Enquirer: 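I am attaching a structure below and will ask some questions about it afterwards.
Whatever order the structure lists ligands and atoms in, that order sets their numbers, starting from 1. All values below were derived from every heavy atom in this structure, side-chain atoms included, with hydrogens, water molecules and symmetry-related copies excluded. Just so it is clear, the model here is predicted, and its values are computed rather than measured.
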Amino acid sequence: MPDWKQLISKQVGELTEEVIKIRRDLHRHPEVSGKEERTSALVADYLADLGIEVGRCRENYGVTGLLRGAKPGPTVALRADMDALPLTEETGAEYASEVQGVMHACGHDIHTSVLLGTAAVLQRLRDRLAGKALFLFQPSEEFFPGGAVGMIREGVLDDPRPDVVFSLHTSSIPLGQIAIIPGPIIGSVSTLSLRILGKGGHFAGPHQTVDPIVVTSHVVVALESMMTRRVDPLDPAVLTFGMIQGGTRDNIIGDMVVLRGNIGALDESLCKFLMEELEKTVKGITQGMGAGYKLKYIHGYPTLRNDPQMTAYVQRIAGPLIGEANIKTCKPTLGGEDFSFFLQKVPGAMFFLGTHDPASGPPISNHDPRFNPDERAIPLGMEMMTHLVAGFKEFGRP
Ligand SMILES: [Zn+2]
Ligand SMILES: [Zn+2]
């Protein structure tokens with residue numbers, strides 16, 4: 001059996017500088033969900049230059065890479081997401097976004113570069129590798145319906161069929177740590193668009209109108225009550241309206257307000273239940289106040305559930321790399337992640353990779369324009385992903 005620890009750490013050491021360059025290049029040229037043309041071309045070219053078999057999806061910018069080890073063995077899939085967010089960067093980094101209003105604020109530039117680096121390491125160690133590595137670079141994680149579904153529909157999990165799939169996500173835990181729990185780790189999310197339909201008029205004659213701003217105010221407050229009165233306090237759930245738009249000027253009562261928001265719950269059945277309850281509440285209030293409504297919603301991402309055995313495998317791989325004390329557990333989040341679709345087809349796990357330097361001040365959360373994960377996490381990300389492939393034949397089987 002090869003001494004993977006030494007072999008991998010040597011290759012990671014040699015490749016880290018190159019991977020950081022890729023990360024900065026991706027960071028300078030972010031692309032929002034569904035528009036990852038340049039990123040996917042960069043990924044495909046890099047994999048092809050390594051001599052890895054490249055596949056391109058037709059219906060989205062998904063890219064796959066297949067590396068065949070010299071010896072027979074299982075197929076381990078590794079997934080990275082590639083998209084950025086519509087935000088104006090405020091990190092002040094020298095490699096800050098050069099695209100106005102678009103920014104890698106969720107660390108997907110780190111995920112993509114780490115996975116490319118992992119592919120390079122594994123290609124160098126191909127002669128010793130038993131089994132295959134399948135690299136899944138997916139677009140559009142941040143925007144429903146997500147890029148994973150399209151890739152699965154195109155058959156990226158069919159030939160070869162992976163035995164297992166892993167992914168990582170940058171996190172505000174300290175550098176040198178990972179966090180993982182078995183079972184639900186990221187909740188289910190539904191997105192909604194709600195129109196409150198009133199009847200406009202003069203500000204001084206509200207009795208002749210149906211003021212949609214007043215109706216909306218009642219709706220928002222009633223929905224907050226719904227979240228505390230209809231949900232078991234022990235079941236995690238969240239409703240947030242990230243956008244409300246209505247009216248044109250101060251002395252006119254408008255005729256419509258538009259709200260957009262998300263409902264998240266750790267359990268997808270609760271998420272669906274809450275959408276039904278939400279509609280009942282909206283219907284009751286608008287009817288009572290003489291207004292109308294139009295509601296559109298998409299049941300977005302299912303709950304991301306880590307396979308317990310594969311979670312234990314991730315922990316076992318991490319032990320010799322960072323020490324048991326640096327393998328943390330975490331609370332689940334309700335943010336939504338379309339890696340969950342891959343996990344519905346193939347067992348596997350997602351872990352959080354610490355990218356925060358506590359000496360730099362309090363952590364800044366992802367989706368914040370000042371979010372800048374520390375690049376010193378990149379080598380550990382590459383080591384983890386490489387070991388998850390290299391060790392699977394020996395240690396990964398339950
Ligand atoms: Zn995100
Ligand atoms: Zn993300």
Enquirer: Which atom, counting only N, O or S, brings His108 closest to the Zn ion (ligand 2)?
Expert: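 Going by distance to the Zn ion (ligand 2), the closest N, O or S atom in His108 is NE2.
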
Enquirer: Does a side-chain N-to-carboxylate-O contact under 4.0 Å join Lys280 and Glu277?
Expert: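 Counted as a salt bridge, because a side-chain N and a carboxylate O are separated by less than 4.0 Å.
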
Enquirer: Should Glu14 and Lys10 count as an ion pair when the cut-off is N to O under 4.0 Å?
Expert: yes

Enquirer: How is the N/O/S atom of Glu142 that comes nearest to the Zn ion (ligand 1) named?
Expert: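 The nearest such atom is OE2.
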
Enquirer: Looking at Glu276 and Arg230, does any basic side-chain N land under 4.0 Å from a carboxylate oxygen?
Expert: no

Enquirer: Tell me whether His169 has at least one N, O or S atom under 2.8 Å from the Zn ion (ligand 2).
Expert: yes

Enquirer: Under 4.0 Å between a side-chain nitrogen and a carboxylate oxygen: does that hold for Glu337 and Arg79?
Expert: yes

